[in-house]
Amino acid sequence: MHILVADDDPAQRELLAGFLSRRGHRVTLAADGDEALAAFLREPVQVALLDQRMPGVDGVRVLERMKAQSPMLRAIMITAFGAVETAVNVMKLGADDFLEKPVDLTVLLQKLEQIETDLAVGEDVAQVEQALAAAPLPIDLIGSSPAMQETLSLVRRVADSPWSVLIHGETGTGKELIARLVHLLGPAPQAPFVEVNCAAIPETLFESELFGHERGAFTGAERRHRGRFEQARGGTLFLDEVGELPPSLQSKLLRALQEKRINPVGSEGDISVDVRVVAATNRDLRALVDAGGFREDLYFRLKVLDISVPPLRRRREDIPALIEYFVDRYARRPTRVAPEAKELLVRYHYPGNVRELEHIVQRSLTLARGSVLQPADLPDEVRSAPCEETGLLQERLDAMEHDMLLQALEHSDWVQTQAAERLGISERVLRYKMGKCGIRRRRG
Ligand SMILES: Nc1ncnc2c1ncn2[C@@H]1O[C@H](COP(=O)(O)OP(=O)(O)OP(=O)(O)O)[C@@H](O)[C@H]1O
Ligand SMILES: [Mg+2]
């Protein structure tokens with residue numbers, strides 16, 4: 001299993017890590033609560049072994065936050081000897097168990113084996129995962145396809161953290177929508193969400209736009225102006241098209257992010273601003289860094305957590321629901337979409353992604369004569385879309401995936417750790433794929 005060990009005592013940490021990895025577990029170490037939370041967000045941890053007393057965020061708080069994001073996480077709290085009262089609280093918080101110091105390794109092993117058996121049954125885990133995925137979103141967003149569900153599950157996990165998030169995806173995939181979702185699911189949804197489009201602001205105005213300026217800072221600056229950073233205080237600053245940020249400003253932005261301080265144009269002193277930064281780009285930022293167009297340190301600052309939004313052609317399952325959604329939104333009278341038109345729309349490849357679909361629906365609705373949208377109302381490029389064989393290919397790939405999963409599970413006696421290993425994937429991915437293919441262990 002993948003186990004996170006959080007303990008501020010290095011000796012204890014090493015002891016547990018050595019012991020667990022010798023027994024075939026994957027171990028991630030954290031020296032305090034913050035590190036534990038960061039590691040938890042980064043890696044698909046299944047079990048957390050938490051020292052209750054740690055400097056900074058203590059084990060109980062860490063657990064609370066982990067469970068809020070991932071109810072399926074299993075946790076064992078390590079408490080001081082005789083601290084039964086807190087242990088009871090810990091159980092209430094959802095820890096599966098607790099161990100008293102000094103940790104008896106044999107007992108620890110027994111507890112882990114129990115967890116492993118529970119996980120192998122898998123069904124309740126899948127259910128919890130489903131329940132989490134089914135919780136309503138605070139925003140209109142169509143996305144029940146597996147590809148989008150994966151993205152949304154990541155959004156739910158990262159939203160609550162204070163770290164910056166980099167969202168990447170092709171044009172029109174819904175990056176801005178995802179950025180708003182990160183904000184709304186985050187710790188301060190009522191705080192401001194302030195957008196800066198890095199491609200739309202002229203270089204000369206950028207600094208004052210972002211950091212503000214004092215009265216008289218330059219000709220025409222008649223009043224003091226609060227920059228976007230200041231406006232976003234306590235909330236989220238959304239840096240859209242961040243790849244377009246001119247080099248001269250990249251270092252200024254980096255400084256603001258590192259020091260959480262900004263210097264308004266024409267001002268003597270700094271002011272402190274605490275904002276959560278979410279950035280989006282449709283460019284390959286890594287390649288841009290390699291080509292010298294983007295500072296590497298800023299890149300790493302921005303992408304502490306990263307989310308990729310899949311192109312629409314990778315989640316065609318969402319197209320019918322999107323059509324319905326946009327028809328409802330834009331039709332001036334009740335309108336139906338003819339099955340033949342729907343078929344064409346599902347087949348088209350959408351280089352402009354969801355935004356293109358939105359425009360196509362809008363345009364076709366204005367052209368439609370009756371209350372039914374017909375193929376003739378659709379733009380040429382949609383009507384003449386080549387009939388790709390992807391349907392057939394996907395069908396075969398799905399069938400093959402189903403068979404391979406089943407075989408691996410049967411061969412490993414349904415022990416998911418082993419099956420995942422056989423397939424060369426993580427257990428988490430295995431469980432996800434099992435859910436997607438509807439594979440469950442037969443009873444008896
Ligand atoms: N999953 C979705 N459900 C409903 N509407 C969506 C979805 N994804 C995108 N949209 C809509 O599609 C349009 C484009 O989305 P958005 O502006 O978020 O894309 P983007 O990735 O930021 O695009 P660009 O790269 O051009 O900036 C918006 O009108 C948005 O409301
Ligand atoms: Mg956008």
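Only a predicted model underlies this, so the values are computations on that prediction, with no experimental measurement involved. Counting convention: from 1, in listed order, for ligands and their atoms alike. Any value given below was found using the heavy atoms of this structure, including those in side chains, with hydrogens, waters and symmetry copies removed.
- Each of the atoms 2 (C), 3 (N), 4 (C) of ligand 1 lies under 4.0 Å from some heavy atom of L322.
- Looking only at protein heavy atoms, the nearest one to atom 16 (P) of ligand 1 is G174 CA, 3.7 Å.
- Protein heavy atom closest to atom 6 (C) of ligand 1, with residue, atom name and distance, is L177 CD2, 3.4 Å.
- S164 places a side-chain N or O within donor-acceptor distance of the main-chain N or O of R301, the cut-off being under 3.5 Å.
- Considering backbone and side-chain N/O atoms, R315 never comes within less than 3.5 Å of an N/O atom of ligand 1.
- In this structure, atom 13 (C) of ligand 1 lies nearest to the protein heavy atom E358 OE1, 3.2 Å.
- Annotation: atom 17 (O) of ligand 1 to nearest protein heavy atom, R355 NH2, 3.0 Å.
- Where the criterion is an N or O separation shorter than 3.5 Å, residue side chain and backbone included, R329 fails it with respect to ligand 1.
- Surrounding NE2 of H359 are more than 12 heavy atoms belonging to other residues, nucleotides or ligands, all under 6.0 Å away.
- Contacts between N353 and ligand 1 below 4.0 angstrom, taking non-hydrogen atoms only, are absent altogether.
- Of all atoms in ligand 1, numbered sequentially from 1 with element shown, those under 4.0 Å from a heavy atom of L141 are 1 (N), 3 (N).
- In terms of polar-atom proximity, T171 is counted as a contact of ligand 1, with an N or O under 3.5 Å from an N or O of the ligand.
- Ring geometry, F326 versus Y330: the interplanar angle falls under 30°, so the pair is classed parallel (tilted spans 30 to 60°).
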Sequence neighbours left out, cut at 3.5 Å: what donor-acceptor pairs do the side chains of residues 43-50 make with other protein atoms?
from, atom 1, to, atom 2, distance (Å)
E43, OE1, H2, NE2, 3.2
E43, OE1, T28, OG1, 2.9
Q46, OE1, H2, N, 2.9
Q46, NE2, E427, OE1, 3.1
Q46, NE2, E427, OE2, 3.1

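- Given atom 3 (N) of ligand 1, the protein heavy atom at minimum distance is I142 N, 2.9 Å.
- No donor-acceptor distance shorter than 3.5 angstrom exists from the side chain of T335 to the backbone of A331, with no hydrogens or angles considered.
- The nearest protein atom to atom 20 (P) of ligand 1, hydrogens excluded, is given as K175 N, 3.4 Å; this is a heavy-atom distance.
- Side-chain atoms of R180 never come within 3.5 Å of backbone atoms of K175 as a donor-acceptor pair (strictly under, hydrogens ignored).
- For residues 234-280, the set of pairs meeting the ring-ring contact (aromatic ring centres under 6.0 Å, His included) definition, not counting sequence neighbours, comprises F193-F238.
- The protein heavy atom nearest to atom 9 (C) of ligand 1 is V354 CG1, 3.4 Å.
- Salt-bridge annotation for E170 and R355: absent, with no side-chain N of the basic residue lying under 4.0 Å from a carboxylate O of the acidic one.
- At distances below 3.5 Å, not a single donor-acceptor pair connects side-chain atoms of D274 with backbone N or O atoms of K260.
- Scanning the protein heavy atoms around atom 23 (O) of ligand 1, the nearest turns out to be G172 N, 2.9 Å.
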